[in-house]
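Reckoned from all heavy atoms, side chains included, excluding hydrogens, waters and symmetry mates. Remember, it's a predicted structure, so these values are computed and weren't measured experimentally. For this chain, numbers begin at 1 and follow the sequence in order.
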Amino acid sequence: LSGDARTQFKRNGGTYTLRNAYDAELKSSWLVGDRPGIGFEDAPTVQTWENTVEIIAQIRCAPLDPNAGATRTNPDPVPTRTNPPASDPSTLPRLKTATLRIAPSHIQTVNGFRCPTKLQLYGFIETNRRMRGKVIFVGPAYLSAPKDFDFDGAKTMNHRGTYDLRWGANAQGTLAQGASTPSRQDLTFKFNVVNGRGRLVKTVEESIRVTCE
């Protein structure tokens with residue numbers, strides 16, 4: 001169809017008759033004897049009747065566009081959205097965030113200086129959806145024991161580690177002028193998140209300066 005006929009078909013649909021859609025075959029058979037009853041004098045004969053019947057199909061087309069051919073003077077305004085829809089959790093990354101915080105602790109006197117002898121490492125992760133894996137702290141000549149996690153949805157977890165500070169000739173620090181003991185140490189740590197396949201998905205790096213007094 002084309003032109004007005006096509007427009008009308010899209011608006012109203014239509015019904016069409018399809019001849020010879022199916023052929024039905026009918027067959028009937030029966031026995032014929034010379035007389036009824038038991039003990040025929042002659043063997044009965046078989047007679048058969050056959051015929052083929054055409055079955056017509058009717059095809060009904062629903063309207064494709066009820067507004068086909070109509071003119072519009074005032075189109076609908078484009079909708080505006082003030083509050084965007086919530087994101088589908090299945091499209092979000094599994095890991096939402098990871099943070100690392102470092103705090104000195106265990107103040108002791110070392111060669112006349114009051115120095116922290118430990119660092120407390122605080123790791124935090126939050127997931128958007130199901131995720132499993134491991135978290136681990138990495139520092140100067142330091143690797144914490146990994147901690148496993150297996151979340152069935154959006155959850156959070158805290159992980160804590162301890163790093164022992166050494167003061168002296170073998171310390172990872174900077175010597176102050178005129179002093180035999182390092183008065184400060186500049187250290188960098190990482191908090192790594194690994195997924196269930198062993199792939200590193202997030203690294204959070206944090207540096208700290210630890211000072212003796």
Enclosure of [X] [atom1] (heavy-atom neighbours >12, cutoff 6.0 Å):
X: R11; atom1: CZ; value: yes
X: E213; atom1: CD; value: no
X: Y22; atom1: OH; value: no
X: D23; atom1: CG; value: yes
X: Q8; atom1: CD; value: no
X: K202; atom1: NZ; value: no

Could you go through the side-chain contact (heavy atoms from CB on, under 4.5 Å) check for V193 and L200 one step at a time? CA-CA 6 Å; V193 184; L200 180 65; 5.8 Å; no
Rounded at 0.5 Å granularity, tell me how far [atom1] in [X] sits from [atom2] in [Y].
X: L121; Y: E206; atom1: CG; atom2: CD; result: 10.5 Å
X: R132; Y: R94; atom1: CZ; atom2: CZ; result: 9.5 Å
X: F191; Y: S144; atom1: CZ; atom2: OG; result: 8.5 Å
X: E205; Y: F189; atom1: CD; atom2: CZ; result: 11.0 Å
X: T156; Y: I125; atom1: OG1; atom2: CD1; result: 8.5 Å
X: Q185; Y: T211; atom1: CD; atom2: OG1; result: 9.5 Å

Are any non-hydrogen side-chain atoms of [X] and [Y] less than 4.5 angstrom apart?
X: M157; Y: K147; answer: yes
X: I102; Y: Y163; answer: no
X: D164; Y: T117; answer: no
X: L100; Y: F124; answer: no
X: I59; Y: T15; answer: no
X: T127; Y: R130; answer: no

Between F151 and F149, is a ring-ring contact (aromatic ring centres under 6.0 Å, His included) present by the stated rule, with each step listed? CA-CA 6 Å; F151 298 159; F149 65 91; 5.1 Å; yes
Output, in order, the C-alpha distance, side-chain angles, deciding distance and verdict of side-chain contact (heavy atoms from CB on, under 4.5 Å) for M131 and L95. CA-CA 8 Å; M131 182 179 181; L95 182 66; 4.0 Å; yes
When the ring planes of H159 and F137 are compared, do they come out parallel, tilted or perpendicular, using 30° and 60° as the limits?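 Rings of H159 and F137: parallel, under 30°.
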In terms of hydrophobic clusters joined by side-chain contacts under 4.5 Å, are Y16 and L64 together?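 Yes; L64 is reachable from Y16 via cluster members.
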Ring of Y122, cation from R160 - is the NZ or CZ under 6.0 Å from the centre and inside 45° of the axis?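 No - R160 does not lie over the ring of Y122 by the 6.0 Å and 45° rule.
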Do Q120 and T162 meet the criterion of a side-chain donor-acceptor pair at a distance under 3.5 Å?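 Checked: Q120/T162 side chains pair up, N/O donor to acceptor below 3.5 Å.
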Derivation of the side-chain contact (heavy atoms from CB on, under 4.5 Å) call for I136 and K190: CA-CA 8 Å; I136 190 170; K190 294 180 180 180; over 6 Å; no
Would N192 and V204 count as a side-chain contact (heavy atoms from CB on, under 4.5 Å) here? Give the steps. CA-CA 7 Å; N192 292 341; V204 183; over 6 Å; no
